[in-house]
Amino acid sequence: MKEFFPWLFAAALLLAGSAFLYGGVKLASTAWTLKTSGEETTATIERVEVREAHVRKDDAPAIALYYTEVVSFTAWDGTKAEARLPEKNEHEARGRPGDPITIRYRHDDPSVAAPAEGGTLGIQGPILIIAGLALLAFGARWTVPENTSRQPPSPTN
């Protein structure tokens, strides 16, 4: 049974690393697509949704607030579209309902959008990729058996 747990731990690390790597590549790809070929337009903030998360600050329980701006705009083909911008924490500047904001959205899927300037979408992907690679490397290290071969005892005369 002792030999089973290192393999289970390694499998969990490899699985988590793969998930982080996949998510990071997907976020980086989305950010790159929006930056290079995204349609730029002016949208109107329809509402700001608030999400509470229980965290620890200074060794005490606290509640952190995260904000998601939901915007509406007219897409390239004249249809009305709505998109949720990437989440912001309580320390980042955010708009109020009715405020205009310049966004970039995907031509083929207008529901995928991000602010044209100052968004954090471009940094999240690389961070997840690095974390995923680190977990994969650490998990792979656990799967490699240690070299436990020892020199045979020398024959005594």
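Values in this document were obtained by computation on a predicted structure and should not be read as measured data.
Rounding to the nearest 0.5 Å places CG of N89 at 9.0 Å from CZ of R94. The OG atom of S37 sits 10.0 Å away from the CH2 atom of W32 when rounded to the nearest 0.5 Å. The OG1 atom of T42 sits 10.0 Å away from atom CD1 of I101, with the distance rounded to the nearest 0.5 Å. To the nearest 0.5 Å, atoms CZ (R106) and OG1 (T33) are separated by 6.5 Å.
Tested against F20, the residues L135, I130, L15 include a single side-chain contact (heavy atoms from CB on, under 4.5 Å) partner, L135.
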Inset, instruction - Please step through side-chain contact (heavy atoms from CB on, under 4.5 Å) for the pair E52 and L65, ending with a clear verdict. - result: CA-CA 5 Å; E52 294 181 351; L65 300 176; 3.5 Å; yes

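For residues 43-71, no residue pair satisfies the ring pair (Phe, Tyr, Trp, His ring centres under 6.0 Å) rule, not counting sequence neighbours. Contacts classified as salt bridge (Lys or Arg N to Asp or Glu O under 4.0 Å) and involving residues 12-41 (residues at least two apart or in different chains) are given here: E40-R104.
For L13 against G139, the heavy-atom pair with the smallest separation is CB-CA, 3.7 Å. The two residues A64 and E90 make their nearest non-hydrogen contact at CA-OE2, 3.8 Å. Looking at every heavy atom in both residues, A113 comes nearest to A83 through CB-CB, 3.7 Å.
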Below 3.5 Å, can you tabulate the donor-acceptor pairs from side chains in residues 69-78 to any protein atom, sequence neighbours excluded?
from: E69; atom 1: OE1; to: K88; atom 2: NZ; distance (Å): 3.4
from: E69; atom 1: OE2; to: G95; atom 2: N; distance (Å): 2.7
from: S72; atom 1: OG; to: E46; atom 2: OE2; distance (Å): 2.6
from: W76; atom 1: NE1; to: H107; atom 2: O; distance (Å): 3.1
from: D77; atom 1: OD1; to: T79; atom 2: N; distance (Å): 3.2
from: D77; atom 1: OD1; to: T79; atom 2: OG1; distance (Å): 2.8

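Under the 4.5 Å side-chain criterion, counting only non-hydrogen atoms from C-beta, L85 is in contact with P115. Within the 4.5 Å cutoff, the side chain of L27 has heavy atoms near those of the L128 side chain. Between Y105 and V112 the shortest side-chain heavy-atom distance does not fall below 4.5 Å.
Checked against salt bridge (charged side-chain N to carboxylate O under 4.0 Å, His left out), R51 has the following partners two or more places apart in sequence or in another chain: E87. Every salt bridge (charged side-chain N to carboxylate O under 4.0 Å, His left out) that R84 has, sequence neighbours left out, goes to E49.
By the 4.5 Å side-chain criterion applied to Ile, Leu, Val, Met, Phe, Trp and Tyr, L21 is assigned to a cluster that also includes L14, V25, I129, L133, L136.
Counting non-hydrogen atoms of neighbouring residues, nucleotides and ligands closer than 6.0 angstrom, the OH atom of Y22 reaches no more than 12 such neighbours.
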